[in-house]
Asker: 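Take a look at the following structure, please.
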There are 2 protein chains.
Amino acid sequence: MEEKLEALCEFLQEAADVSHLQAATEQLRNHYQIAHIVYHWVNSAGERFGAGTYSQLWVDRYVEKDYLRMDPVILGCLQRFNPVDWKELDWSSRAARSFLREAIDYGVGNQGLSIPIRGPAGQFALFTASHNCDDDVWAAFVDLNMRDLIIIAHEFNRKALEFEQGGDSAPSPSLSPRELAAMTYLAKGLSRAQAAQEMEISEHTLRVYIEAARHKLGALNTTHAVARALSRGLIVV
Amino acid sequence: MEEKLEALCEFLQEAADVSHLQAATEQLRNHYQIAHIVYHWVNSAGERFGAGTYSQLWVDRYVEKDYLRMDPVILGCLQRFNPVDWKELDWSSRAARSFLREAIDYGVGNQGLSIPIRGPAGQFALFTASHNCDDDVWAAFVDLNMRDLIIIAHEFNRKALEFEQGGDSAPSPSLSPRELAAMTYLAKGLSRAQAAQEMEISEHTLRVYIEAARHKLGALNTTHAVARALSRGLIVV
DNA sequence: TTTGGCCTCCCCATATCTAGCGAGGATAGG
DNA sequence: CCTATCCTCGCTAGATATGGGGAGGCCAAA
(Lines give C-alpha, C1' and ligand atoms only; values in the text may rest on other atoms or scores of the structure.)
Protein backbone atom coordinates (compact mmCIF):
# COMPACT_ATOMS: atom_id res chain seq x y z
CA MET A 1 0.00 0.00 0.00
CA GLU A 2 2.79 2.37 0.90
CA GLU A 3 4.65 1.64 -2.30
CA LYS A 4 1.58 2.56 -4.25
CA LEU A 5 1.37 5.82 -2.37
CA GLU A 6 4.97 6.62 -3.12
CA ALA A 7 4.57 5.75 -6.75
CA LEU A 8 1.58 8.01 -7.01
CA CYS A 9 3.41 10.87 -5.43
CA GLU A 10 6.36 10.39 -7.74
CA PHE A 11 4.04 10.27 -10.67
CA LEU A 12 2.47 13.48 -9.56
CA GLN A 13 5.75 15.21 -9.13
CA GLU A 14 6.35 14.56 -12.79
CA ALA A 15 2.85 15.46 -13.86
CA ALA A 16 2.62 18.89 -15.31
CA ASP A 17 -0.07 20.26 -13.06
CA VAL A 18 1.43 19.06 -9.87
CA SER A 19 4.90 20.18 -10.67
CA HIS A 20 3.16 23.46 -11.10
CA LEU A 21 1.94 23.10 -7.53
CA GLN A 22 5.41 22.15 -6.38
CA ALA A 23 6.89 25.20 -8.02
CA ALA A 24 4.07 27.21 -6.54
CA THR A 25 4.80 26.03 -3.02
CA GLU A 26 8.44 26.97 -3.44
CA GLN A 27 7.47 30.36 -4.72
CA LEU A 28 5.10 30.93 -1.85
CA ARG A 29 7.74 29.91 0.59
CA ASN A 30 10.12 32.49 -0.77
CA HIS A 31 7.44 35.09 -0.88
CA TYR A 32 6.31 34.64 2.69
CA GLN A 33 9.77 33.81 3.92
CA ILE A 34 8.62 30.93 6.01
CA ALA A 35 10.17 27.54 6.52
CA HIS A 36 7.72 25.33 4.64
CA ILE A 37 4.60 25.15 2.56
CA VAL A 38 2.89 21.80 2.13
CA TYR A 39 -0.12 20.88 0.10
CA HIS A 40 -1.86 17.61 0.78
CA TRP A 41 -4.70 16.34 -1.33
CA VAL A 42 -7.01 13.34 -1.06
CA ASN A 43 -9.05 12.85 -4.20
CA SER A 44 -12.51 11.37 -4.45
CA ALA A 45 -11.12 7.87 -4.80
CA GLY A 46 -9.28 8.26 -1.51
CA GLU A 47 -5.86 8.49 -3.18
CA ARG A 48 -3.40 10.87 -1.58
CA PHE A 49 -1.06 13.30 -3.26
CA GLY A 50 1.26 15.83 -1.89
CA ALA A 51 3.57 18.62 -2.87
CA GLY A 52 5.70 20.50 -0.45
CA THR A 53 9.03 21.83 0.62
CA TYR A 54 9.88 19.36 3.36
CA SER A 55 13.17 17.56 2.99
CA GLN A 56 13.06 14.19 1.27
CA LEU A 57 14.49 12.67 4.43
CA TRP A 58 11.47 13.73 6.43
CA VAL A 59 9.05 12.63 3.72
CA ASP A 60 10.67 9.22 3.61
CA ARG A 61 10.63 8.95 7.37
CA TYR A 62 7.01 10.03 7.47
CA VAL A 63 5.95 7.43 4.92
CA GLU A 64 8.08 4.71 6.45
CA LYS A 65 6.62 5.24 9.90
CA ASP A 66 3.11 5.66 8.52
CA TYR A 67 2.85 8.88 10.49
CA LEU A 68 -0.16 9.79 8.42
CA ARG A 69 -2.24 7.76 10.82
CA MET A 70 -1.15 9.57 13.94
CA ASP A 71 -0.02 13.00 12.78
CA PRO A 72 -2.05 15.36 14.99
CA VAL A 73 -2.15 17.90 12.19
CA ILE A 74 -3.89 15.45 9.88
CA LEU A 75 -6.15 13.98 12.53
CA GLY A 76 -7.04 17.37 13.90
CA CYS A 77 -7.83 18.90 10.55
CA LEU A 78 -9.95 15.91 9.60
CA GLN A 79 -12.27 17.00 12.38
CA ARG A 80 -12.15 20.70 11.66
CA PHE A 81 -13.56 23.24 9.36
CA ASN A 82 -11.51 26.40 9.47
CA PRO A 83 -7.85 27.27 9.47
CA VAL A 84 -6.20 25.85 12.54
CA ASP A 85 -3.01 26.86 14.28
CA TRP A 86 -0.92 23.86 15.29
CA LYS A 87 -1.06 25.05 18.87
CA GLU A 88 -4.80 24.39 18.94
CA LEU A 89 -4.28 20.75 18.11
CA ASP A 90 -4.10 17.86 20.55
CA TRP A 91 -0.47 17.22 21.44
CA SER A 92 -1.28 15.53 24.74
CA SER A 93 -0.24 12.00 23.82
CA ARG A 94 3.35 10.98 24.16
CA ALA A 95 3.43 9.72 20.60
CA ALA A 96 2.28 13.10 19.35
CA ARG A 97 4.93 14.98 21.29
CA SER A 98 7.75 12.70 20.19
CA PHE A 99 6.46 13.03 16.64
CA LEU A 100 6.66 16.81 16.92
CA ARG A 101 10.16 16.70 18.37
CA GLU A 102 11.27 14.44 15.57
CA ALA A 103 9.60 16.62 12.97
CA ILE A 104 11.44 19.68 14.27
CA ASP A 105 14.71 17.74 14.15
CA TYR A 106 14.03 17.07 10.49
CA GLY A 107 13.59 20.75 9.80
CA VAL A 108 9.82 21.08 10.05
CA GLY A 109 8.77 24.27 11.76
CA ASN A 110 7.63 24.35 15.36
CA GLN A 111 4.83 26.71 14.36
CA GLY A 112 2.25 25.97 11.75
CA LEU A 113 -1.06 26.92 10.25
CA SER A 114 -3.16 24.38 8.35
CA ILE A 115 -6.20 25.09 6.24
CA PRO A 116 -8.53 22.17 5.58
CA ILE A 117 -10.98 22.34 2.69
CA ARG A 118 -13.35 19.64 1.58
CA GLY A 119 -14.84 18.80 -1.77
CA PRO A 120 -18.25 17.46 -2.65
CA ALA A 121 -17.13 13.91 -3.29
CA GLY A 122 -15.09 13.46 -0.16
CA GLN A 123 -12.03 15.24 -1.49
CA PHE A 124 -9.95 16.64 1.31
CA ALA A 125 -7.27 19.24 0.91
CA LEU A 126 -4.87 20.47 3.53
CA PHE A 127 -2.74 23.51 2.90
CA THR A 128 -0.08 24.10 5.51
CA ALA A 129 2.40 26.85 6.20
CA SER A 130 4.99 26.27 8.90
CA HIS A 131 7.89 28.13 10.37
CA ASN A 132 10.49 27.94 13.08
CA CYS A 133 10.14 30.91 15.38
CA ASP A 134 8.73 31.97 18.70
CA ASP A 135 5.07 32.52 19.41
CA ASP A 136 5.01 36.30 18.98
CA VAL A 137 6.59 36.31 15.56
CA TRP A 138 4.29 33.53 14.44
CA ALA A 139 1.17 35.23 15.77
CA ALA A 140 2.10 38.37 13.88
CA PHE A 141 2.69 36.39 10.71
CA VAL A 142 -0.66 34.63 10.96
CA ASP A 143 -2.45 37.83 11.76
CA LEU A 144 -1.02 39.46 8.69
CA ASN A 145 -1.31 36.62 6.21
CA MET A 146 -4.22 34.43 7.18
CA ARG A 147 -6.45 35.79 4.44
CA ASP A 148 -3.91 35.38 1.72
CA LEU A 149 -3.28 31.85 2.80
CA ILE A 150 -6.97 30.98 2.68
CA ILE A 151 -7.18 32.36 -0.83
CA ILE A 152 -4.10 30.45 -1.85
CA ALA A 153 -5.50 27.25 -0.39
CA HIS A 154 -8.56 27.71 -2.57
CA GLU A 155 -6.35 28.28 -5.59
CA PHE A 156 -4.46 25.07 -4.92
CA ASN A 157 -7.71 23.20 -4.61
CA ARG A 158 -8.89 24.52 -7.90
CA LYS A 159 -5.72 23.25 -9.51
CA ALA A 160 -5.94 19.89 -7.83
CA LEU A 161 -9.56 19.49 -8.81
CA GLU A 162 -8.77 20.37 -12.41
CA PHE A 163 -6.08 17.75 -12.38
CA GLU A 164 -8.40 15.18 -10.91
CA GLN A 165 -11.15 15.87 -13.39
CA GLY A 166 -8.83 16.18 -16.32
CA GLY A 167 -7.14 12.87 -15.69
CA ASP A 168 -8.49 9.37 -15.90
CA SER A 169 -9.73 9.32 -12.34
CA ALA A 170 -13.00 7.50 -11.94
CA PRO A 171 -15.74 9.89 -10.96
CA SER A 172 -17.66 9.06 -7.82
CA PRO A 173 -20.43 6.71 -8.78
CA SER A 174 -23.89 8.10 -8.23
CA LEU A 175 -26.10 6.06 -5.96
CA SER A 176 -29.86 6.11 -6.31
CA PRO A 177 -31.92 7.64 -3.48
CA ARG A 178 -32.87 4.25 -2.12
CA GLU A 179 -29.29 3.05 -2.29
CA LEU A 180 -28.19 6.14 -0.40
CA ALA A 181 -30.91 5.60 2.18
CA ALA A 182 -29.82 2.00 2.61
CA MET A 183 -26.18 3.03 3.08
CA THR A 184 -27.21 5.72 5.53
CA TYR A 185 -29.24 3.41 7.71
CA LEU A 186 -26.44 0.87 7.75
CA ALA A 187 -23.97 3.61 8.69
CA LYS A 188 -26.27 4.47 11.56
CA GLY A 189 -25.92 0.95 12.84
CA LEU A 190 -29.24 -0.56 11.82
CA SER A 191 -29.26 -4.20 10.78
CA ARG A 192 -30.61 -5.08 7.38
CA ALA A 193 -33.91 -6.11 8.90
CA GLN A 194 -34.23 -2.84 10.80
CA ALA A 195 -33.20 -0.76 7.82
CA ALA A 196 -35.72 -2.56 5.66
CA GLN A 197 -38.38 -1.80 8.24
CA GLU A 198 -37.40 1.89 8.32
CA MET A 199 -37.58 2.06 4.56
CA GLU A 200 -40.82 0.08 4.54
CA ILE A 201 -39.60 -2.48 2.06
CA SER A 202 -38.79 -6.16 2.33
CA GLU A 203 -35.37 -7.20 3.48
CA HIS A 204 -34.87 -8.84 0.11
CA THR A 205 -35.29 -5.53 -1.63
CA LEU A 206 -32.98 -3.83 0.78
CA ARG A 207 -30.36 -6.40 -0.05
CA VAL A 208 -30.66 -5.53 -3.71
CA TYR A 209 -29.88 -1.89 -2.87
CA ILE A 210 -26.93 -2.82 -0.75
CA GLU A 211 -25.56 -5.06 -3.47
CA ALA A 212 -26.11 -2.39 -6.10
CA ALA A 213 -24.35 0.20 -3.97
CA ARG A 214 -21.56 -2.22 -3.20
CA HIS A 215 -20.96 -2.87 -6.89
CA LYS A 216 -21.16 0.79 -7.85
CA LEU A 217 -18.68 1.66 -5.15
CA GLY A 218 -16.40 -1.20 -6.03
CA ALA A 219 -16.59 -2.35 -2.44
CA LEU A 220 -15.71 -5.80 -1.18
CA ASN A 221 -18.41 -6.01 1.47
CA THR A 222 -21.09 -3.98 3.17
CA THR A 223 -18.76 -2.35 5.67
CA HIS A 224 -16.44 -1.35 2.87
CA ALA A 225 -19.33 0.08 0.89
CA VAL A 226 -20.51 2.16 3.83
CA ALA A 227 -16.97 3.33 4.49
CA ARG A 228 -16.56 4.41 0.87
CA ALA A 229 -19.93 6.11 0.74
CA LEU A 230 -18.96 8.01 3.86
CA SER A 231 -15.48 8.99 2.85
CA ARG A 232 -16.68 10.12 -0.58
CA GLY A 233 -19.27 12.30 1.03
CA LEU A 234 -22.15 10.44 -0.56
CA ILE A 235 -23.83 9.94 2.76
CA VAL A 236 -23.68 11.61 6.16
CA VAL A 237 -24.36 9.96 9.46
CA MET B 1 -12.74 49.45 1.94
CA GLU B 2 -10.42 47.13 3.80
CA GLU B 3 -11.19 48.68 7.15
CA LYS B 4 -14.90 48.37 6.61
CA LEU B 5 -14.54 44.75 5.74
CA GLU B 6 -12.54 44.08 8.85
CA ALA B 7 -15.16 45.78 10.94
CA LEU B 8 -17.73 43.48 9.43
CA CYS B 9 -15.70 40.46 10.27
CA GLU B 10 -15.33 41.67 13.81
CA PHE B 11 -19.04 42.07 13.99
CA LEU B 12 -19.46 38.53 12.82
CA GLN B 13 -17.12 37.27 15.44
CA GLU B 14 -19.30 38.80 18.07
CA ALA B 15 -22.51 37.51 16.57
CA ALA B 16 -23.99 35.06 19.03
CA ASP B 17 -26.48 33.11 17.01
CA VAL B 18 -28.08 32.62 13.65
CA SER B 19 -30.46 35.53 13.99
CA HIS B 20 -27.40 37.77 14.15
CA LEU B 21 -26.21 36.33 10.87
CA GLN B 22 -29.32 37.85 9.39
CA ALA B 23 -28.19 41.29 10.50
CA ALA B 24 -24.74 40.57 9.16
CA THR B 25 -26.06 39.65 5.73
CA GLU B 26 -28.00 42.91 5.65
CA GLN B 27 -24.90 44.85 6.57
CA LEU B 28 -22.87 43.09 3.90
CA ARG B 29 -25.50 43.89 1.36
CA ASN B 30 -25.34 47.58 2.14
CA HIS B 31 -21.60 47.50 2.11
CA TYR B 32 -21.29 45.85 -1.27
CA GLN B 33 -24.32 47.54 -2.70
CA ILE B 34 -25.69 44.44 -4.29
CA ALA B 35 -29.19 43.10 -4.45
CA HIS B 36 -28.95 40.17 -2.07
CA ILE B 37 -26.77 38.22 0.31
CA VAL B 38 -27.90 34.77 1.43
CA TYR B 39 -26.32 32.37 3.85
CA HIS B 40 -27.47 28.80 3.84
CA TRP B 41 -26.27 26.24 6.38
CA VAL B 42 -26.84 22.51 6.75
CA ASN B 43 -25.58 21.18 10.04
CA SER B 44 -24.25 17.71 10.73
CA ALA B 45 -27.74 16.48 11.56
CA GLY B 46 -28.96 17.54 8.13
CA GLU B 47 -30.99 20.43 9.52
CA ARG B 48 -31.05 23.55 7.38
CA PHE B 49 -30.81 27.15 8.49
CA GLY B 50 -30.80 30.25 6.43
CA ALA B 51 -30.34 33.94 6.73
CA GLY B 52 -30.71 36.29 3.85
CA THR B 53 -32.19 39.35 2.30
CA TYR B 54 -34.66 37.80 -0.10
CA SER B 55 -38.26 38.96 0.24
CA GLN B 56 -40.49 36.88 2.48
CA LEU B 57 -42.73 36.31 -0.53
CA TRP B 58 -39.95 34.55 -2.38
CA VAL B 59 -38.89 32.55 0.67
CA ASP B 60 -42.46 31.35 1.19
CA ARG B 61 -42.81 30.50 -2.47
CA TYR B 62 -39.50 28.66 -2.41
CA VAL B 63 -40.48 26.59 0.60
CA GLU B 64 -43.98 25.93 -0.63
CA LYS B 65 -42.76 24.66 -4.00
CA ASP B 66 -39.91 22.72 -2.36
CA TYR B 67 -37.53 24.41 -4.78
CA LEU B 68 -34.67 23.33 -2.60
CA ARG B 69 -34.75 20.01 -4.39
CA MET B 70 -34.38 21.44 -7.88
CA ASP B 71 -32.71 24.82 -7.42
CA PRO B 72 -29.72 24.60 -9.80
CA VAL B 73 -27.72 26.80 -7.44
CA ILE B 74 -28.13 24.34 -4.59
CA LEU B 75 -27.71 21.25 -6.74
CA GLY B 76 -24.73 22.70 -8.56
CA CYS B 77 -22.93 23.85 -5.47
CA LEU B 78 -23.51 20.51 -3.78
CA GLN B 79 -21.23 19.10 -6.44
CA ARG B 80 -18.67 21.86 -6.45
CA PHE B 81 -15.72 22.97 -4.54
CA ASN B 82 -14.94 26.52 -5.41
CA PRO B 83 -16.90 29.70 -5.81
CA VAL B 84 -19.25 29.36 -8.73
CA ASP B 85 -20.87 31.99 -10.88
CA TRP B 86 -24.50 31.21 -11.56
CA LYS B 87 -23.75 31.31 -15.27
CA GLU B 88 -21.59 28.21 -14.87
CA LEU B 89 -24.48 26.19 -13.52
CA ASP B 90 -26.72 23.83 -15.42
CA TRP B 91 -29.82 25.71 -16.53
CA SER B 92 -30.57 23.31 -19.37
CA SER B 93 -33.69 21.69 -17.98
CA ARG B 94 -37.03 23.33 -18.54
CA ALA B 95 -37.77 23.36 -14.83
CA ALA B 96 -34.54 25.20 -14.08
CA ARG B 97 -35.21 27.95 -16.60
CA SER B 98 -38.73 28.57 -15.41
CA PHE B 99 -37.43 28.61 -11.85
CA LEU B 100 -34.92 31.32 -12.78
CA ARG B 101 -37.53 33.42 -14.53
CA GLU B 102 -39.77 33.19 -11.50
CA ALA B 103 -36.93 34.02 -9.13
CA ILE B 104 -36.12 37.18 -11.08
CA ASP B 105 -39.78 38.16 -10.94
CA TYR B 106 -39.61 37.88 -7.18
CA GLY B 107 -36.64 40.24 -7.02
CA VAL B 108 -33.77 37.77 -6.94
CA GLY B 109 -30.82 38.94 -9.00
CA ASN B 110 -30.14 37.58 -12.46
CA GLN B 111 -26.47 37.43 -11.59
CA GLY B 112 -25.04 35.52 -8.67
CA LEU B 113 -21.95 34.11 -7.07
CA SER B 114 -22.19 31.23 -4.61
CA ILE B 115 -19.43 29.93 -2.39
CA PRO B 116 -19.85 26.38 -1.06
CA ILE B 117 -17.85 25.21 1.95
CA ARG B 118 -18.06 21.86 3.67
CA GLY B 119 -17.42 20.67 7.18
CA PRO B 120 -15.97 17.43 8.45
CA ALA B 121 -19.29 15.88 9.49
CA GLY B 122 -21.22 16.66 6.35
CA GLN B 123 -21.96 20.26 7.22
CA PHE B 124 -22.57 22.28 4.13
CA ALA B 125 -22.58 26.04 3.90
CA LEU B 126 -23.51 28.15 0.93
CA PHE B 127 -22.80 31.85 0.86
CA THR B 128 -24.40 33.69 -2.02
CA ALA B 129 -24.23 37.21 -3.35
CA SER B 130 -26.58 38.16 -6.15
CA HIS B 131 -27.40 41.24 -8.13
CA ASN B 132 -29.49 42.48 -10.99
CA CYS B 133 -27.25 43.88 -13.69
CA ASP B 134 -25.68 43.05 -17.00
CA ASP B 135 -22.75 40.74 -17.46
CA ASP B 136 -20.01 43.36 -17.64
CA VAL B 137 -20.94 45.07 -14.42
CA TRP B 138 -21.24 41.74 -12.69
CA ALA B 139 -17.90 40.48 -13.99
CA ALA B 140 -16.23 43.62 -12.69
CA PHE B 141 -17.88 43.20 -9.31
CA VAL B 142 -16.79 39.59 -9.01
CA ASP B 143 -13.30 40.39 -10.12
CA LEU B 144 -13.00 43.03 -7.46
CA ASN B 145 -14.67 41.28 -4.55
CA MET B 146 -14.22 37.55 -4.93
CA ARG B 147 -11.50 37.38 -2.30
CA ASP B 148 -13.45 39.34 0.26
CA LEU B 149 -16.48 37.18 -0.29
CA ILE B 150 -14.50 33.98 0.24
CA ILE B 151 -13.14 35.31 3.50
CA ILE B 152 -16.58 36.36 4.63
CA ALA B 153 -17.99 32.95 3.76
CA HIS B 154 -15.35 31.41 6.00
CA GLU B 155 -16.23 33.79 8.80
CA PHE B 156 -19.89 32.89 8.53
CA ASN B 157 -19.00 29.24 8.69
CA ARG B 158 -16.88 29.65 11.76
CA LYS B 159 -19.80 31.32 13.47
CA ALA B 160 -22.30 28.72 12.36
CA LEU B 161 -20.03 25.92 13.51
CA GLU B 162 -19.54 27.51 16.91
CA PHE B 163 -23.28 27.81 17.19
CA GLU B 164 -23.74 24.17 16.30
CA GLN B 165 -21.08 22.96 18.70
CA GLY B 166 -22.17 25.21 21.53
CA GLY B 167 -22.50 22.88 24.49
CA ASP B 168 -23.10 19.29 23.54
CA SER B 169 -19.77 18.46 21.96
CA ALA B 170 -19.16 14.89 23.07
CA PRO B 171 -15.44 14.15 23.01
CA SER B 172 -14.43 11.35 20.66
CA PRO B 173 -13.39 8.23 22.54
CA SER B 174 -9.77 7.26 22.08
CA LEU B 175 -9.11 3.93 20.47
CA SER B 176 -5.93 1.97 21.07
CA PRO B 177 -3.49 1.58 18.16
CA ARG B 178 -4.58 -1.98 17.49
CA GLU B 179 -8.21 -0.98 17.62
CA LEU B 180 -7.53 1.80 15.14
CA ALA B 181 -5.68 -0.59 12.88
CA ALA B 182 -8.55 -3.05 13.04
CA MET B 183 -11.06 -0.36 12.17
CA THR B 184 -8.87 0.85 9.33
CA TYR B 185 -8.52 -2.57 7.74
CA LEU B 186 -12.24 -3.17 8.00
CA ALA B 187 -12.90 0.22 6.43
CA LYS B 188 -10.64 -0.85 3.58
CA GLY B 189 -12.90 -3.78 2.95
CA LEU B 190 -10.83 -6.61 4.39
CA SER B 191 -12.73 -9.45 6.01
CA ARG B 192 -11.94 -10.26 9.61
CA ALA B 193 -9.74 -13.14 8.52
CA GLN B 194 -7.79 -10.93 6.10
CA ALA B 195 -7.43 -8.13 8.61
CA ALA B 196 -6.17 -10.57 11.20
CA GLN B 197 -3.62 -11.84 8.70
CA GLU B 198 -2.48 -8.27 7.94
CA MET B 199 -2.09 -7.56 11.62
CA GLU B 200 -0.44 -10.93 12.19
CA ILE B 201 -2.78 -11.97 14.95
CA SER B 202 -5.47 -14.59 15.18
CA GLU B 203 -8.94 -13.81 13.99
CA HIS B 204 -10.15 -14.30 17.55
CA THR B 205 -7.92 -11.54 18.80
CA LEU B 206 -9.00 -9.26 16.03
CA ARG B 207 -12.55 -9.79 17.12
CA VAL B 208 -11.69 -8.62 20.59
CA TYR B 209 -10.37 -5.35 19.13
CA ILE B 210 -13.43 -4.88 17.03
CA GLU B 211 -15.66 -5.47 20.03
CA ALA B 212 -13.62 -3.09 22.15
CA ALA B 213 -13.81 -0.40 19.50
CA ARG B 214 -17.49 -1.03 19.06
CA HIS B 215 -18.14 -0.52 22.76
CA LYS B 216 -15.96 2.58 22.99
CA LEU B 217 -17.72 4.09 20.04
CA GLY B 218 -21.13 3.12 21.33
CA ALA B 219 -21.76 1.35 18.05
CA LEU B 220 -24.40 -1.26 17.43
CA ASN B 221 -22.36 -3.39 15.06
CA THR B 222 -19.10 -3.48 13.13
CA THR B 223 -20.34 -1.40 10.23
CA HIS B 224 -21.61 1.21 12.64
CA ALA B 225 -18.30 1.26 14.47
CA VAL B 226 -16.35 1.76 11.25
CA ALA B 227 -18.75 4.48 10.15
CA ARG B 228 -18.34 6.31 13.45
CA ALA B 229 -14.57 5.98 13.46
CA LEU B 230 -14.53 7.40 9.94
CA SER B 231 -16.91 10.25 10.45
CA ARG B 232 -15.15 11.30 13.65
CA GLY B 233 -11.86 11.41 11.83
CA LEU B 234 -10.34 8.71 14.03
CA ILE B 235 -9.25 6.66 11.06
CA VAL B 236 -8.33 7.42 7.50
CA VAL B 237 -8.95 5.06 4.62
C1' DT C 1 1.72 -3.14 44.96
C1' DT C 2 -2.31 -2.91 42.92
C1' DT C 3 -5.11 -1.24 39.44
C1' DG C 4 -6.24 -0.63 34.89
C1' DG C 5 -5.54 -0.85 30.10
C1' DC C 6 -3.74 -3.35 26.39
C1' DC C 7 -2.55 -7.55 23.65
C1' DT C 8 -3.09 -12.22 22.79
C1' DC C 9 -5.64 -16.69 22.47
C1' DC C 10 -9.79 -20.08 22.74
C1' DC C 11 -15.04 -22.19 22.43
C1' DC C 12 -19.97 -22.19 20.87
C1' DA C 13 -24.59 -21.36 19.02
C1' DT C 14 -27.08 -18.32 16.38
C1' DA C 15 -27.79 -14.44 13.33
C1' DT C 16 -26.42 -12.19 9.33
C1' DC C 17 -24.36 -11.59 5.04
C1' DT C 18 -23.03 -13.02 0.21
C1' DA C 19 -23.75 -14.53 -4.53
C1' DG C 20 -26.08 -16.36 -7.73
C1' DC C 21 -30.68 -16.80 -10.12
C1' DG C 22 -35.35 -14.41 -11.97
C1' DA C 23 -39.39 -10.84 -12.89
C1' DG C 24 -42.78 -7.04 -13.26
C1' DG C 25 -44.17 -2.09 -12.90
C1' DA C 26 -43.02 2.99 -12.49
C1' DT C 27 -40.77 7.05 -14.18
C1' DA C 28 -37.99 10.37 -16.39
C1' DG C 29 -35.19 11.98 -20.40
C1' DG C 30 -34.03 12.05 -25.13
C1' DC D 1 -42.46 6.63 -27.83
C1' DC D 2 -38.68 4.17 -26.23
C1' DT D 3 -34.89 3.20 -23.42
C1' DA D 4 -32.59 3.25 -19.30
C1' DT D 5 -32.78 3.47 -14.61
C1' DC D 6 -35.00 2.72 -10.60
C1' DC D 7 -38.05 0.29 -7.28
C1' DT D 8 -40.12 -3.71 -5.70
C1' DC D 9 -40.38 -8.78 -4.61
C1' DG D 10 -39.01 -13.76 -4.58
C1' DC D 11 -35.66 -18.19 -3.85
C1' DT D 12 -31.46 -21.13 -2.10
C1' DA D 13 -27.16 -22.45 0.10
C1' DG D 14 -22.85 -21.74 1.88
C1' DA D 15 -19.74 -18.47 4.01
C1' DT D 16 -19.06 -15.18 7.52
C1' DA D 17 -20.01 -12.36 11.42
C1' DT D 18 -21.89 -11.76 16.08
C1' DG D 19 -22.30 -11.88 21.12
C1' DG D 20 -21.70 -14.27 25.03
C1' DG D 21 -18.33 -16.50 27.96
C1' DG D 22 -13.20 -17.17 29.99
C1' DA D 23 -7.85 -16.70 30.66
C1' DG D 24 -2.95 -15.37 30.94
C1' DG D 25 1.01 -12.02 30.28
C1' DC D 26 2.80 -7.29 29.85
C1' DC D 27 3.46 -2.57 31.07
C1' DA D 28 2.76 1.86 33.10
C1' DA D 29 0.77 4.84 36.37
C1' DA D 30 -1.10 5.71 40.97
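First the proteins, then the strands, lettered A, B, ... as listed; each starts at 1.
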Asker: Please assess L175(A) against L217(A) for the test side chain to side chain contact (heavy atoms under 4.5 Å, CB included), listing each intermediate value before the final yes or no.
Answerer: CA-CA 9 Å; L175(A) 301 191; L217(A) 293 162; 4.2 Å; yes
Asker: Strictly below 4.0 Å, heavy-atom distances to any atom of DNA chain C: list the hits from residues 189-203 of chain A, or just say none.
Answerer: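 Result for residues 189-203 of chain A: R192(A), sorted by number.
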Asker: Among dT8(C), dT8(D), dC6(C), which nucleotide has an atom closest to any side-chain atom of Y209(B)?
Answerer: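 Output: dT8(C).
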Asker: Give the rounded distance in Å between these two atoms: CD1 of I210(A) and C1' of dT18(C).
Answerer: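 To the nearest whole Å, that distance equals 11 Å.
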Asker: How would you list, by chain and number, every residue that makes a side-chain contact (heavy atoms from CB on, under 4.5 Å) with A125(A), sequence neighbours excluded?
Answerer: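 In terms of side-chain contact (heavy atoms from CB on, under 4.5 Å), with neighbours along the sequence ignored, A125(A) is linked to Y39(A), W41(A), N157(A).
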Asker: The test is side chain to side chain contact (heavy atoms under 4.5 Å, CB included); show your working for I201(A) and Y209(A) and say whether it passes.
Answerer: CA-CA 11 Å; I201(A) 55 176; Y209(A) 295 139; 3.5 Å; yes
Asker: Taking CG from L186(B) and P from dT18(D), how many angstroms apart are they, rounded to a whole number?
Answerer: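 So the two atoms are 8 Å apart, to the nearest Å.
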Asker: From the options dA17(D), dC7(C), dC11(D), select the nucleotide whose nearest atom is closest to the side chain of P177(B).
Answerer: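 Comparing dA17(D), dC7(C), dC11(D) against the side chain of P177(B), the answer is dC7(C).
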Asker: Would you indicate what L220(B) reaches in the nucleic acid, counting non-hydrogen atoms under 4.0 angstrom: base, sugar-phosphate, or nothing?
Answerer: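 Answer is sugar-phosphate: L220(B) comes under 4.0 Å of backbone atoms only.
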Asker: Answer yes or no: does a side-chain N or O of T205(B) lie under 4.0 Å from OP1 or OP2 of dC9(C)?
Answerer: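 T205(B) to dC9(C) OP1/OP2: side-chain N or O found under 4.0 Å.
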Asker: How are the rings of H40(B) and F124(B) set relative to one another: parallel (under 30°), tilted (30 to 60°) or perpendicular (over 60°)?
Answerer: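 If you compare the ring of H40(B) with that of F124(B), the planes turn out perpendicular.
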Asker: Going from CE on M183(A) to OG1 on T222(A), what distance comes out if it is rounded to the nearest 0.5 angstrom?
Answerer: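 Those atoms lie 6.5 Å apart.
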Asker: Quick check on dC7(D): is either OP1 or OP2 less than 4.0 Å from any side-chain nitrogen or oxygen of S176(A)?
Answerer: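 True: S176(A) side-chain N/O within range (under 4.0 Å) of dC7(D) OP1/OP2.
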Asker: Sugar-phosphate atoms are those with a prime plus P, OP1 and OP2; base atoms are the rest. Using that split, label each nucleotide of nucleotides 20-30 of chain D B, S or - for protein heavy atoms under 4.0 Å, 5' to 3'.
Answerer: B--------S-
Asker: Which part of the nucleic acid does N221(A) contact within heavy-atom distance under 4.0 Å: base, sugar-phosphate only, or nothing?
Answerer: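 Sugar-phosphate, no base atom in range.
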Asker: Just to confirm, is there a sub-4.0 Å distance from OP1 or OP2 of dC6(D) to any side-chain nitrogen or oxygen of K216(A)?
Answerer: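 For dC6(D), OP1 or OP2 has a side-chain N or O of K216(A) closer than 4.0 Å.
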Asker: Just verifying a value: how many Å separate I104(A) CD1 and N110(A) CG, rounded to the nearest 0.5 Å?
Answerer: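 Here the rounded value is 5.0 Å.
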Asker: Out of curiosity, H224(B) NE2 to K188(A) NZ, how far, rounded to the nearest 0.5 Å?
Answerer: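 One finds 9.5 Å between NE2 of H224(B) and NZ of K188(A).
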Asker: If I take atom CG in residue L180(B) and atom P in nucleotide dG5(C), what distance separates them, rounded to the nearest angstrom?
Answerer: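 One finds 17 Å between P of dG5(C) and CG of L180(B), rounded.
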Asker: Evaluate the ring planes of Y62(A) and Y67(A), with Trp represented by its six-membered ring, and classify them as parallel (under 30°), tilted (30 to 60°) or perpendicular (over 60°).
Answerer: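 Rings of Y62(A) and Y67(A): perpendicular, as their planes differ by over 60°.
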Asker: Once you round it to whole Å, what is the distance between C1' of dA23(C) and NE2 of H204(A)?
Answerer: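 Atom-to-atom, H204(A) to dA23(C), this comes out as 15 Å.
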Asker: Do H36(B) and T53(B) have a side chain donor and acceptor closer than 3.5 Å?
Answerer: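 Yes - a donor-acceptor pair under 3.5 Å links their side chains.
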